[in-house]
Student: 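Pasting a structure below so you can have a look.
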There are 2 protein chains.
Amino acid sequence: MGATKTDHFTDKQNAIAVLAKALGHPARIAIMEYLMKVDTCICGDIVNELPLAQPTVSQHLKELKNAGLIKGSIEGTAICYCIDEKAIEKLQVYFGVISKKLNSKKNNCC
Amino acid sequence: MGATKTDHFTDKQNAIAVLAKALGHPARIAIMEYLMKVDTCICGDIVNELPLAQPTVSQHLKELKNAGLIKGSIEGTAICYCIDEKAIEKLQVYFGVISKKLNSKKNNCC
DNA sequence: CTTATTTATCGTAATATTGCAATATATAAT
DNA sequence: ATTATATATTGCAATATTACGATAAATAAG
């Protein structure tokens, strides 16, 4: 097969998986970190920052955008990309809750 | 092509990407949540919990294990899987830091 | 030893991802 | 209008992922 069976899981599970999947590539992590570093959410010198060709970077940006992790607004001939805080917030809360639950359980069974 | 160029990125970036990638599938999110829910970190009734065949579940468990997100210990004929807290901790800290930085910046440029 | 139970591995088909050259599109500047 | 600049899209090859049936491996029970 090869196609993910998304319909069998809850919306919440799929939502987290979409975010995680988008971050599941070092280039996209690097893009997110670059967007963090640059104060002004400057655009496509991301290409100069990464060891990848322009079409490849453009594709990674598209995936981050589709997942809702970044936003982009046209700025003349350039495009201004920046992190969508809401997505990061979701991940932070998700792992925060899990982390807290694990600590309170103190499960040392394995 | 098709192969990820991991060698061009930092170890930290690759490490986060590995964790995120492993969680980038709803079945694996569901497995993690099931392991959270069950007090005793019970094993392979995960198969009964998920709408996937046993070999598929086994494969997903292997990927979670390879990524360091879960641990497994043999318990007779069964296997006891449970979450590796350290991995969750890493993710929680990572997104916590980003979230905090974003809040302090209040960047509303896009 | 044989049989059941549980989990892992192999093999394979379907599909997805990664990466880039070539090309298209869109705005800015001259 | 022409040219330069920035980004997106297309097309394609290489590789990876997803899913599962069939089968293997390993322990437990009889």
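Protein chains get the first letters and strands the later ones, always in sequence-line order, with residue 1 at the start of each.
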Student: Calculate the interatomic distance between A:Glu63 atom CD and D:dT17 atom C1'; express it in whole Å.
Tutor: 14 Å
Student: Nearest-nucleotide wise, let me know which of A:His60 and B:Asp45 is further upstream toward the 5' end of DNA chain C.
Tutor: B:Asp45
Student: Report yes or no: do B:Ile88 and A:Val93 belong to one cluster of Ile/Leu/Val/Met/Phe/Trp/Tyr joined by side chain heavy-atom distances under 4.5 Å?
Tutor: no
Student: Between P on D:dA16 and NZ on B:Lys5, what's the gap in Å once rounded to a whole number?
Tutor: 14 Å
Student: For D:dA8, does OP1 or OP2 lie under 4.0 Å from any side-chain N or O of A:Ser58?
Tutor: yes
Student: Angle between ring planes, B:His25 versus B:His60, binned at 30° and 60°: parallel, tilted or perpendicular?
Tutor: tilted
Student: Heavy atoms under 4.0 Å, any strand shown: does B:Lys21 hit a base, just sugar-phosphate, or nothing?
Tutor: sugar-phosphate
Student: Quick one: which of C:dT18, D:dT18, C:dA28 gets closest to the side chain of A:Thr77?
Tutor: C:dA28
Student: Can B:Leu91 and A:Tyr94 be said to form a side chain to side chain contact (heavy atoms under 4.5 Å, CB included), step by step?
Tutor: CA-CA 10 Å; B:Leu91 289 166; A:Tyr94 188 76; over 6 Å; no
Student: Salt bridge or not for A:Lys37 and A:Glu49, using N-O below 4.0 Å?
Tutor: yes
Student: Kindly point out which of C:dA21, C:dT7, C:dT18 is positioned nearest to the side chain of B:Ala78?
Tutor: C:dT7
Student: Can you measure B:Gln59 atom CD to D:dA24 atom C1' for me and round it to whole angstrom units?
Tutor: 16 Å
Student: Figure out the NZ/P separation between B:Lys62 and C:dC10, and round it to whole Å.
Tutor: 7 Å
Student: Side chain of B:Pro55 only, please: which of C:dT9, D:dT18, C:dT18 is the nearest?
Tutor: C:dT9
Student: Tell me the interatomic distance from B:Leu50, atom CG, to D:dC20, atom P, rounded to whole angstroms.
Tutor: 11 Å
Student: Between the side-chain atoms of A:Gln54 and the base atoms of D:dA8, is any donor-acceptor pair under 3.5 Å?
Tutor: yes
Student: Give a yes/no answer on whether the side chain of A:Thr56 brings an N or O atom under 4.0 Å of OP1 or OP2 in C:dG19.
Tutor: no
Student: Scan B:Thr4 against the nucleic acid and name what it touches under 4.0 Å (heavy atoms): base, sugar-phosphate only, or nothing.
Tutor: sugar-phosphate
Student: To the nearest Å, how far apart are B:His25 NE2 and D:dA16 P?
Tutor: 18 Å
Student: Pick the nucleotide of DNA chain C nearest each of A:Ile74 and A:Gly24; which residue has the one closer to the 5' end?
Tutor: A:Gly24
Student: Any chance CG of B:Asp11 has more than 12 other-residue heavy atoms, nucleotides or ligands included, within less than 6.0 Å?
Tutor: no
Student: Quickly work out the A:Glu75 CD to D:dA8 P distance and round it to whole Å.
Tutor: 14 Å
Student: Would you indicate, yes or no, if C:dA8 has its OP1 or OP2 atom less than 4.0 angstrom from a side-chain nitrogen or oxygen of B:Lys65?
Tutor: no
Student: Atom CG of B:Leu61 to atom P of C:dT6: distance rounded to whole Å?
Tutor: 15 Å
Student: Any chance you could lay out the side chain to side chain contact (heavy atoms under 4.5 Å, CB included) test for A:Phe9 and B:Leu50, step after step, and finish with the verdict?
Tutor: CA-CA 9 Å; A:Phe9 303 97; B:Leu50 296 193; 4.3 Å; yes
Student: Take A:Ala3 and A:Ile79, find for each the nucleotide of DNA chain D with the closest heavy atom, and name the residue whose nucleotide sits nearer the 5' end.
Tutor: A:Ile79
Student: Using only side-chain N and O atoms of A:Tyr81, determine if any of them is under 4.0 Å from OP1 or OP2 of D:dA6.
Tutor: no
Student: If you look at every strand shown and take non-hydrogen atoms under 4.0 Å, does B:Leu52 touch a base, only sugar-phosphate, or nothing?
Tutor: sugar-phosphate
